[in-house]
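Only one structure is covered here, and it is reproduced in the block below.
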Amino acid sequence: MTGRSFDVLVAGMVFADLVFTELPNPPAPGTEVWAGGMGTSPGGIANLAVALSRLGLDTGLIAGFGDDGYGQWCRQVLTEQERVDTSMAPTFEGWHTPVTVSMAYAGDRAMVTHGHETPVPSSRLLIPGTTARAVIAELDGDPWWQRLRTSGALVFADVGWDGTGAWDPCVLDRLSGCHCFMPNDREAMAYTRTHTAEEALEVLGERVPLAVVTLGAEGAIAHESGSGTWVRVPGLPVPAIDPTGAGDCFGAALVVGTLGGWPLDARLKFATLTAGLAVQQFGGSLAAPGWGDVADWWAEQVRSAASGDPVATRLREEYGFLPDIIPAGTLSRVRRAEATIAKLAHLPERPS
């Protein structure tokens with residue numbers, strides 16, 4: 001098999017996610033808590049792959065699938081429904097799909113996970129000759145992306161949570177050659193040994209052309225070293241149901257804007273918007289917005305602003321660039337998570 005070209009490549013573990021929402025309180029030993037909502041969806045690296053694909057990028061996934069029902073369902077959803085290329089994601093006999101149960105409450109979430117490492121590392125699954133305009137990679141994982149970086153791919157780097165509490169600053173040395181680093185504020189401050197997100201951003205801005213620190217519901221800040229531009233964007237005032245996958249939507253939108261050559265301010269606002277739209281749904285990957293969701297949100301701001309709503313008026317001004325980037329034509333709906341291992345949704349075809 002020979003490699004092909006993609007807009008973006010991602011690699012990691014695909015999980016089967018079971019998400020409970022609207023919990024009145026977290027479960028305690030010896031008690032039972034009834035959730036107001038529930039959804040199932042492919043998770044893990046699938047969150048990022050779906051977010052990228054729904055925003056129109058030709059997305060390739062490097063991963064492994066279990067030979068069980070969960071694995072078959074995850075592959076079907078990703079390939080047939082979400083149009084993610086899984087040609088570099090084999091099914092491994094005798095290896096079961098990792099499973100995560102996520103419980104959303106009090107504006108955050110707690111998770112329980114079971115799984116085992118993929119039998120073959122991502123670097124061995126990458127087909128020779130494969131190229132990409134961009135990759136999104138974990139700094140503390142398999143360096144599968146190095147070969148693509150030397151071929152010209154822009155590397156958008158992230159880090160996983162350090163459960164050991166060490167937060168070794170040497171991890172940042174792996175940023176050499178990366179285009180962008182986008183940790184959250186807690187990760188950024190821990191790795192840089194700083195006390196504020198702004199101080200962390202300044203340190204990280206010396207290592208990569210584009211440094212971004214996400215601030216949760218407070219938005220994000222960014223620094224582009226080439227132009228010396230600093231940008232701060234507040235979070236959207238939205239009712240959050242489930243934050244699962246919101247960071248992946250943010251990263252996907254940032255890649256879209258960067259490949260599109262947008263100004264930094266527009267990129268950061270668009271990324272914040274997609275994250276804000278995602279948290280209003282539950283189900284991780286299937287909460288990711290498509291262009292139709294973006295168009296609907298914009299139309300609602302225009303209507304509300306015309307009726308005198310002051311918040312909508314402000315958002316209409318701040319996001320006035322959206323009509324120039326929303327694709328022309330009819331934008332189809334995207335499927336959301338359902339409270340079971342669902343069949344593919346009977347919704348209109350997504351635009352190619």
Run L172 and L204 through side chain to side chain contact (heavy atoms under 4.5 Å, CB included) and show every step you take.
CA-CA 9 Å; L172 300 181; L204 296 175; 4.1 Å; yes
Within a 6.0 Å radius of atom CZ on R174, are there more than 12 heavy atoms belonging to other residues, nucleotides or ligands?
yes
Ring-plane angle category for H114 and H96, please: parallel below 30°, perpendicular beyond 60°, tilted otherwise.
parallel
Please evaluate residues L18 and V99 with respect to the criterion side chain to side chain contact (heavy atoms under 4.5 Å, CB included), reporting the C-alpha separation (whole Å), side-chain torsions for both, the decisive distance (0.1 Å), and the verdict.
CA-CA 8 Å; L18 179 61; V99 176; 5.6 Å; no
Answer yes when R4 and D85 have at least one side-chain N-carboxylate O distance shorter than 4.0 Å, and no when they do not.
yes
Show the numbers, then the answer: is there a side chain to side chain contact (heavy atoms under 4.5 Å, CB included) between L286 and Q81?
CA-CA 11 Å; L286 301 185; Q81 177 177 295; 3.8 Å; yes
Passing candidate, side chain to side chain contact (heavy atoms under 4.5 Å, CB included) with I136, options L52, D248, I45, T59
L52
Compute whether any side-chain donor of one residue and acceptor of the other, for D309 and S307, lie under 3.5 angstrom apart.
no
Residues R83, D58: salt bridge by 4.0 Å N-O rule:
no
Please determine whether the number of non-hydrogen atoms from other residues, nucleotides or ligands lying under 6.0 Å from atom CD of E318 exceeds 12.
yes
Which of F321, W298, W291 passes ring pair (Phe, Tyr, Trp, His ring centres under 6.0 Å) with F270? It is W291
Any chance CD of Q146 has more than 12 other-residue heavy atoms, nucleotides or ligands included, within less than 6.0 Å?
yes
P27 versus M103, closest heavy-atom pair with distance:
CG-SD, 3.8 Å
What one should report as the nearest heavy-atom pair of F20 and M38 is CE2-SD, 3.9 Å
Using 4.0 Å as the upper bound for N to carboxylate O, is an ion pair formed by E300 and R303?
yes
